[in-house]
Amino acid sequence: MNILMICTEKLPVPNIRGGAIQTYICGVASLLSRHHRITILGRTDPELPLEEVVDGIRYVRVDSEGLLEIYSKGVINFLQHNQEHYDIIHIFNRPRLVLPVRSLAPHSRIILSMHNDMFNPYKIHSSEGTAVIEQTERIITISNYIGSAICDYYPHAAGKLRTIYSGVDLDRFAPWMESQSALSARESLRAEYNLQNKKIILFVGRLSRNKGPHVLVRAMSQLAHSDAALVVVGGAWFSDNTISDYVAYVRALAERAPLPVVTTGYVQAHDVHRWFCAGDVFVCTSIWQEPLARVHYEAMAAGLPFITTARGGNPEIISNNNGLLVTNPEDPSEYAQKLNFMLSDMNHARQMGISGRRLAESHFTWQRVANDILSVWEQR
């Protein structure tokens, strides 16, 4: 079949700037292209040409300036002037693109992948949402939580929903105990930041209040382990090292913490995995209803035990003693309690990490994700 995959307007594909959706598309595109012809439509980037073919996949890029209204015009213009018929148009996380795409591709099957709560009435009018669901053959969700949220607004969508959990590159995110390159990255970063003999607690993500890293920094004052250190990896936005008010707040907290707290700033997408190699325990501090943060998959692949919050889809990733759940993500003492438990028995913590790695190997490969997508595409 001839397939068009339409990414979002925020970040480019390939995922040179990061981004969960962009990483997802990159993870499966080459695997899907073995079975079908793939065109990926995304936003422009100064480092990427407007059009290219790489490994048999056609990439087309249109202006967006990060705004859906501008991006929609580019998508419409592409479809108006494109001579090809697409058997399937697979739209990622933008239900508001469905109706304009349908008007220009009346005979294509439309698949929608939902990575956030974009059917929320604050983001799409109920009449448009109803029409979108009617015009969509199948809605793939990144977690059961996102599917439930859609059903809360549109109960009749239930029959079209299918959860397909994301995946991770098992070679890139490898446990330092099992990979020489991971061990080298671990030793290099620890030496660079003078953390050689520390038990490293790791946070990776955008620095915004709803991501909650400030609560984790505050928890450091309640740790019972003088050899612990916290590393906060990330900036205010992808490819952005601007010192926002919130970033300044987190850094001020870090300076007053009784234990070492390193704030790295933005780290390039191709280097983030090195910090997972360097860590001992991973913490996701989401305060908002997180769809299901992909950093969990990366932590598991790297063999790290993790602590996550009872928010959105995050609890769905806890299985087989791979992590612990924080019920109140705004309470530093609950993080401290869970961290003290883990850091008090590093052998047990490493066993939790091994359980996570084995789970990633069995359930969260990109090949499994691609197979699940193919089963949706090829189902008639």
Side-chain angles (χ1 to χ4, degrees), residues 15 18 20 23-24 26-28 31 142-143 163-190 195 198-205 228-231 233 267 269-286 290-309 313-326 338-339 341-372:
N15 58 333
T23 299
Y24 183 105
C26 285
V28 298
L31 300 169
I142 204 69
S143 63
T163 298
I164 296 181
Y165 291 109
S166 192
V168 64
D169 185 333
L170 294 172
D171 294 326
R172 177 180 290 269
F173 292 88
W176 63 267
M177 304 83 76
E178 302 176 8
S179 163
Q180 184 56 52
S181 62
L183 177 59
S184 297
R186 179 183 180 85
E187 292 175 345
S188 174
L189 282 173
R190 284 171 164 253
L195 298 170
K198 300 296 185 181
K199 297 173 181 175
I200 294 182
I201 302 159
L202 182 67
F203 169 91
V204 178
L230 171 62
V231 177
V233 177
V267 173
H270 57 76
D271 282 331
V272 168
H273 69 281
R274 300 178 71 243
W275 272 114
F276 283 89
C277 302
D280 293 300
V281 175
F282 182 81
V283 186
C284 174
T285 54
S286 297
E290 184 90 53
L292 201 174
R294 69 161 293 101
V295 285
H296 296 95
Y297 303 106
E298 295 165 349
M300 285 193 298
L304 297 185
F306 65 83
I307 296 169
T308 192
T309 61
N314 286 349
E316 296 175 40
I317 203 68
I318 292 184
S319 176
N320 198 30
N321 194 35
N322 62 344
L324 301 176
L325 195 65
V326 165
K338 298 290 195 300
L339 285 166
F341 171 78
M342 279 194 178
L343 298 178
S344 293
D345 189 346
M346 290 305 295
N347 286 331
H348 177 68
R350 289 194 178 105
Q351 285 302 312
M352 294 176 71
I354 290 170
S355 294
R357 171 67 186 191
R358 301 302 168 243
L359 189 65
E361 291 171 343
S362 60
H363 288 84
F364 301 119
T365 65
W366 286 124
Q367 185 63 65
R368 192 273 306 156
V369 180
N371 289 344
D372 286 352

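Just so you know, residue 1 is the first one in the sequence shown, and it goes up from there. Atoms considered below: every heavy atom in the structure, side chains included; atoms not considered: hydrogens, waters and symmetry mates.
Rounded to the nearest 0.5 Å, atoms CD (Glu316) and OH (Tyr165) are 3.5 Å apart. Taken from CE in Met342 to NE2 in His348, the straight-line distance is 7.5 Å, to the nearest 0.5 Å. Cys284 SG to Leu325 CG: the interatomic distance, rounded to the nearest 0.5 Å, is 10.5 Å. Interatomic distance, Ser179 OG to Arg172 CZ, rounded to the nearest 0.5 Å: 12.0 Å.
Closest heavy-atom contact between Leu31 and Ala370: CB-CB, 3.7 Å.
With Arg274 contributing its side chain and Ala182 its backbone, the two residues share no donor-acceptor pair below 3.5 Å. Within the 3.5 Å criterion, the main-chain N or O of Gly27 finds no donor-acceptor partner in the side chain of Asp169. Side chain of Ser188 to backbone of Ser184: no donor-acceptor contact under 3.5 angstrom is found.
A 6.0 Å sphere centred on NE2 of His270 holds more than 12 heavy atoms belonging to other residues, nucleotides or ligands.
Applying the ring-ring contact (aromatic ring centres under 6.0 Å, His included) test to Tyr297 and every residue at least two apart in sequence or in another chain returns Phe364.
Counted by atom type alone, Asn371 and Gln367 present one or more donor-acceptor pairs between their side chains at under 3.5 Å. One side chain, Asn15 or Thr23, offers a donor N or O that lies under 3.5 Å from an acceptor on the other.
Results of the ring pair (Phe, Tyr, Trp, His ring centres under 6.0 Å) test with Phe276 over Phe306, Phe173, Phe203 single out Phe173 as the only residue that passes.
For the pair Arg358 and Glu361, the salt-bridge criterion is met [side-chain N within less than 4.0 Å of a carboxylate O].
Side chains of Arg186 and Asp280 form a contact here, defined as non-hydrogen atoms less than 4.5 Å apart. With a 4.5 Å cut-off on side-chain heavy atoms, Val204 and Glu298 do not count as touching.
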